Number of protein chains: 2
Amino acid sequence: MLDAAASVWARDFSASLSTIAERAEVSRSTLHRYFTDRQALIDALLLDSLARLESLDDGSAPASAIYTLEQHLRAGVEMGDRVIFLFSDPNRFDGNPHWSADDGDEEMRALMDRARDEGAVAPEIPTTWAVTLFYALLYSAAEVSNQDLPRHVAADLAVQSFRRGVAP
Amino acid sequence: MLDAAASVWARDFSASLSTIAERAEVSRSTLHRYFTDRQALIDALLLDSLARLESLDDGSAPASAIYTLEQHLRAGVEMGDRVIFLFSDPNRFDGNPHWSADDGDEEMRALMDRARDEGAVAPEIPTTWAVTLFYALLYSAAEVSNQDLPRHVAADLAVQSFRRGVAP
DNA sequence: GCGAAATGCGACAGTGGTGTCGCAGAATGA
DNA sequence: TCATTCTGCGACACCACTGTCGCATTTCGC
């Protein structure tokens, strides 16, 4: 059901619960049994998607910041609709307790600053822009890999565009 | 009213007509007098925004493709909410007669190919990705210039990220 | 095969947005 | 000043979505 919600809401967040139930091949009743509210489904999907995003980078040895960013980018593109759901509208979850904008954001900014220290990001580029670019590329690559390009190709292009786009 | 609609719908396309009327400081009745339908308002805003986008590049002498792209980017960022409205959801206007996806798209692809011929775009980058990147940067710069960075700074950064992101 | 749990179906009231009206008051211009 | 036009207000029916039920049916584990 979460997958169905992601794939539907990735394209149209105003889509009804009937649509999602249909996509999930369950009745609307069943959907309501697992998620009492529309809000409950949103929260569950948000939480699940964030958890997946978080779980991307454990287990590996600490690497350079720019490499870590790359890995995030590739793994994020792999998530497809989940990522589109999360990032297609920057203020979709504004009031949501599970979505503190500075949640992963602060961590991301720190990572970006480390990348700058490593010389992978030009000093004159504001952290805000680098982060914005990162998410824009992540979203775009996920989006385009639903249509025109194979997923890994899109990921490669996003990585390349990011590296060069922020390089000194 | 179109401005109000753009500024509201740029952030939440599911926002009601009451919200837009309020933002425009007119009554809902008046709004309905000018635009019978919700759809009519959408179409009017779409048409107007597209027209503005088109009218960006006339009058100037023919320049290099990459320079033309830059100018489009800068001018687009200047449009702010209109651009966000147009591009925040890539398939928002899918069935709309005024939105032939290959409308400006074909022109944009041709421009991108010219830029590749000029050596400004790496040959191994698919046109699709270059175009996607262009619109992602346009959207992001417009978005970020509503929050953190001055408009022209955001435009500069977008231009820089684009040039380097696609350069050979 | 049997009982428990999960699912589907249809119906229901509540809700918020939508589109339409008529009427009253304000604004405009001759 | 007067007539025309524009605007705001409130009311209305309509509709799609939502959330909740009860009940019948299926599925699953034993």
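A note on names: the letters A, B, ... follow the listed sequences, proteins ahead of strands, and every chain is numbered from 1. A quick note: this is a predicted structure, and the numbers were derived from the prediction, not measured.
- Ionic pairing of B/Arg74 and B/Asp156 is present here: one or more N-O contacts between side-chain nitrogen and carboxylate oxygen are shorter than 4.0 angstrom.
- Salt-bridge formation is detected for the pair B/Arg82/B/Asp3: a Lys NZ or Arg NE/NH1/NH2 atom is positioned less than 4.0 Å from an Asp or Glu carboxylate oxygen.
- Contacts of A/Arg33 with the nucleic acid, taken as non-hydrogen atoms under 4.0 Å apart, include base atoms.
- In this structure, the side chain of A/Glu118 engages the main chain of A/Ala65 through a donor-acceptor pair within 3.5 Å.
- What separates CG of A/Leu31 from C1' of C/dC9 is a distance of 15 Å, to the nearest Å.
- A/Tyr34 comes within contact range of the sugar-phosphate backbone alone, with a heavy-atom separation under 4.0 Å but no base atom that close.
- At a cut-off of 3.5 Å, with distance as the only test, no side-chain donor of B/Ser64 or B/Arg114 sits close to an acceptor on the other residue.
- In the helix from C/dG1-D/dC30 to C/dA30-D/dT1, the end axes, each obtained as the rotation axis mapping the C1' atoms of four pairs onto the next four within a five-pair block, lie 40° apart to the nearest 10 degrees.
- Under the 4.0 Å criterion applied to side-chain N and carboxylate O atoms, A/Arg11 and A/Asp81 are assigned as salt-bridge partners.
- The interatomic distance linking A/His32 (NE2) with C/dG8 (P) rounds to 13 Å, in whole Å.
- Here the nucleotide nearest the side chain of B/Arg38, chosen from D/dT20, C/dT18, C/dG8, is C/dT18.
- Rounded to whole angstrom, the span from the CD1 atom of A/Ile42 across to the C1' atom of D/dT18 amounts to 13 Å.
- Across residues 10-28 of chain B, B/Ser16, B/Leu17, B/Arg28 each have a non-hydrogen atom less than 4.0 Å from an atom of DNA chain C (numbered order).
- In this entry the distance linking CG of A/Asp37 with P of C/dG14 reads 18 Å, nearest Å.
- Distances shorter than 4.0 Å separate none of the side-chain N or O atoms of A/Ser29 from OP1 or OP2 on C/dC9.
- Between the CG atom of A/Leu41 and the C1' atom of D/dC17 there is a distance of 14 Å, given to the nearest Å.
- In summary, B/Arg109 and B/Asp113 do not engage in a salt bridge, as defined by a charged side-chain N under 4.0 Å from a carboxylate O.
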- request: Quick one: do A/Phe87 and A/Tyr139 satisfy ring-ring contact (aromatic ring centres under 6.0 Å, His included)? Show the steps, please.
  value: CA-CA 7 Å; A/Phe87 298 115; A/Tyr139 171 76; 8.4 Å; no

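- The CE atom of B/Met1 sits 12 Å away from the P atom of D/dC6 (whole-angstrom rounding).
- Side chains of A/His32 and A/Leu17 form a contact here, defined as non-hydrogen atoms less than 4.5 Å apart.
- In this structure, a donor-acceptor pair under 3.5 Å is absent between the side chains of A/Ser29 and A/Arg33.
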